Amino acid sequence: MKNIKTINWILAGIVAVYFFISAFSDLSHASQAVEIVKKLGYPEYFLNILGIAKFLGIIALLVPKFNTLKEWAYAGFTFDAISAVWSNIASHYPSESIAGVIAIVILIPSYIMFRKLNGIRVQPANKQSSL
């Protein structure tokens with residue numbers, strides 16, 4: 001159990017650092033971030049929304065307890081990463097999708113370890129309706 005905890009915190013830390021860098025870039029309106037959102041057709045203020053959401057997700061991820069918030073944080077980070085990949089591909093910039101792909105690659109093992117640490121298992125769907 002101690003190994004799972006350690007691995008979970010290491011992976012959560014990697015996710016937090018990755019999204020901290022991204023959030024800081026968004027909120028500081030770094031020239032590269034501004035260039036990307038404009039190229040994709042989003043307004044520049046979208047960076048503020050993304051940056052604040054990422055910082056809130058990082059806090060939820062790193063604060064002990066609050067497993068439901070952690071689930072939401074993982075979901076938000078995943079939506080962000082998938083949206084980044086999709087937006088770049090749809091805007092004909094597939095080579096710029098790499099940041100989103102990296103995010104997905106680091107999110108998957110982190111989320112798996114979070115679930116394993118908390119003993120959360122996916123239950124098979126019932127064949128009978130409970131109506």
Side-chain angles (χ1 to χ4, degrees):
M1 183 62 128
K2 186 171 178 146
N3 287 342
I4 293 173
K5 259 188 185 177
T6 303
I7 293 168
N8 177 61
W9 279 109
I10 290 170
L11 292 172
I14 291 169
V15 169
V17 168
Y18 185 87
F19 280 96
F20 177 83
I21 293 167
S22 177
F24 183 79
S25 175
D26 292 346
L27 287 174
S28 67
H29 288 247
S31 59
Q32 185 180 8
V34 171
E35 178 187 333
I36 290 170
V37 294
K38 286 187 175 183
K39 190 167 37 172
L40 295 175
Y42 296 114
E44 191 173 335
Y45 68 80
F46 191 58
L47 290 171
N48 295 332
I49 297 166
L50 288 175
I52 290 169
K54 289 173 188 175
F55 271 126
L56 292 174
I58 292 165
I59 292 167
L61 198 64
L62 296 180
V63 172
K65 313 275 185 206
F66 307 115
N67 286 343
T68 303
L69 282 178
K70 288 183 194 310
E71 290 274 351
W72 280 92
Y74 277 114
F77 290 148
T78 303
F79 294 145
D80 176 66
I82 291 170
S83 296
V85 171
W86 189 270
S87 292
N88 280 296
I89 291 171
S91 298
H92 307 291
Y93 301 109
S95 62
E96 301 206 12
S97 297
I98 192 69
V101 171
I102 291 170
I104 293 167
V105 167
I106 65 171
L107 280 166
I108 291 170
S110 181
Y111 183 68
I112 289 170
M113 291 309 293
F114 164 73
R115 302 268 306 190
K116 187 178 278 194
L117 177 65
N118 292 291
I120 304 169
R121 292 194 175 97
V122 177
Q123 298 296 325
N126 257 346
K127 292 183 180 179
Q128 295 180 354
S129 176
S130 61
L131 295 177

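What you are looking at is a predicted structure, and each value in this text was computed from that prediction instead of being measured.
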| field | Minimum heavy-atom distance between Pro64 and Phe66, given as atom pair plus value | value | O-CD1, 3.5 Å
| message | With clusters defined by side-chain heavy atoms of hydrophobic residues (ILVMFWY) lying less than 4.5 Å apart, directly or transitively, does Ile36 cluster with Phe24? | response | no
| field | Linked, directly or transitively: Val37 and Ile49 (ILVMFWY side chains, under 4.5 Å) | value | yes
| For the atom pair CD1 (Ile82) and OG (Ser97), what is the distance rounded to the nearest 0.5 Å? | 12.5 Å
| Does any N or O in the side chain of Lys70 come within less than 3.5 Å of the main-chain N or O of Val63, such that one atom is a donor and the other an acceptor? | yes
| message | Can you tell me if Lys38 has over 12 outside heavy atoms packed within less than 6.0 Å of its NZ? | response | no
| query | Heavy-atom distance under 4.5 Å between the side chains of Asn88 and Leu40, does that happen here? | reply | yes
| query | What's the spacing between Leu107 CG and Ile102 CD1 if we round to 0.5 Å? | reply | 12.0 Å
| Hey, which of Phe55, Tyr18, Phe19 is the one that makes ring pair (Phe, Tyr, Trp, His ring centres under 6.0 Å) with Phe77? | Phe19
| Closest approach of Ile58 to Ala16 (non-hydrogen atoms, all atoms of both residues) | CD1-O, 3.7 Å
| task | Of all the heavy-atom pairs spanning Ala81 and Ala103, show the shortest one and how long it is. | result | CB-CB, 3.7 Å
| remark: To the nearest 0.5 Å, atom CG of Leu69 lies from atom CD1 of Ile59 at 11.0 Å
| How far apart are the C-alpha atoms of Leu117 and Met113, what are their side-chain angles, what is the distance that settles it, and do they pass the side-chain contact (heavy atoms from CB on, under 4.5 Å) test? | CA-CA 6 Å; Leu117 177 65; Met113 291 309 293; over 6 Å; no
| Point-to-point distance, once rounded to the nearest 0.5 Å, from CZ of Phe79 to CH2 of Trp86 | 14.5 Å
| Sequence-distant partners of Tyr93, ring pair (Phe, Tyr, Trp, His ring centres under 6.0 Å), two or more places apart | none
| query | Distance-only, no hydrogens or angles: does the Ser25 side chain make a donor-acceptor pair with backbone N or O of Ile21 under 3.5 Å? | reply | no
| said: Let's go through Glu71 and Tyr111 carefully: what are the C-alpha distance in whole Å and the side-chain angles of both, what is the deciding distance for side-chain contact (heavy atoms from CB on, under 4.5 Å) to 0.1 Å, and is it a yes or a no? | reply: CA-CA 8 Å; Glu71 290 274 351; Tyr111 183 68; 2.8 Å; yes
| task | Scan side-chain atoms only and decide if Ser87 and Tyr42 contain a donor-acceptor pair under the 3.5 Å cut-off. | result | yes
Contacts table for residues 1-15: side-chain donor-acceptor under 3.5 angstrom, sequence neighbours left out:
residue: Thr6; atom: OG1; partner: Lys2; partner atom: O; Å: 2.9
residue: Asn8; atom: OD1; partner: Phe114; partner atom: N; Å: 3.3

| Which pairs with one or both residues in residues 55-67 pass side chain to side chain donor-acceptor pair (under 3.5 Å), sequence neighbours excluded? | Asn67-Asn118
| message | Return the CG to NZ distance between Asp26 and Lys54, rounded to the nearest 0.5 Å. | response | 4.0 Å
| field | Heavy-atom side-chain contact between Leu27 and Asn48 under 4.5 Å | value | yes
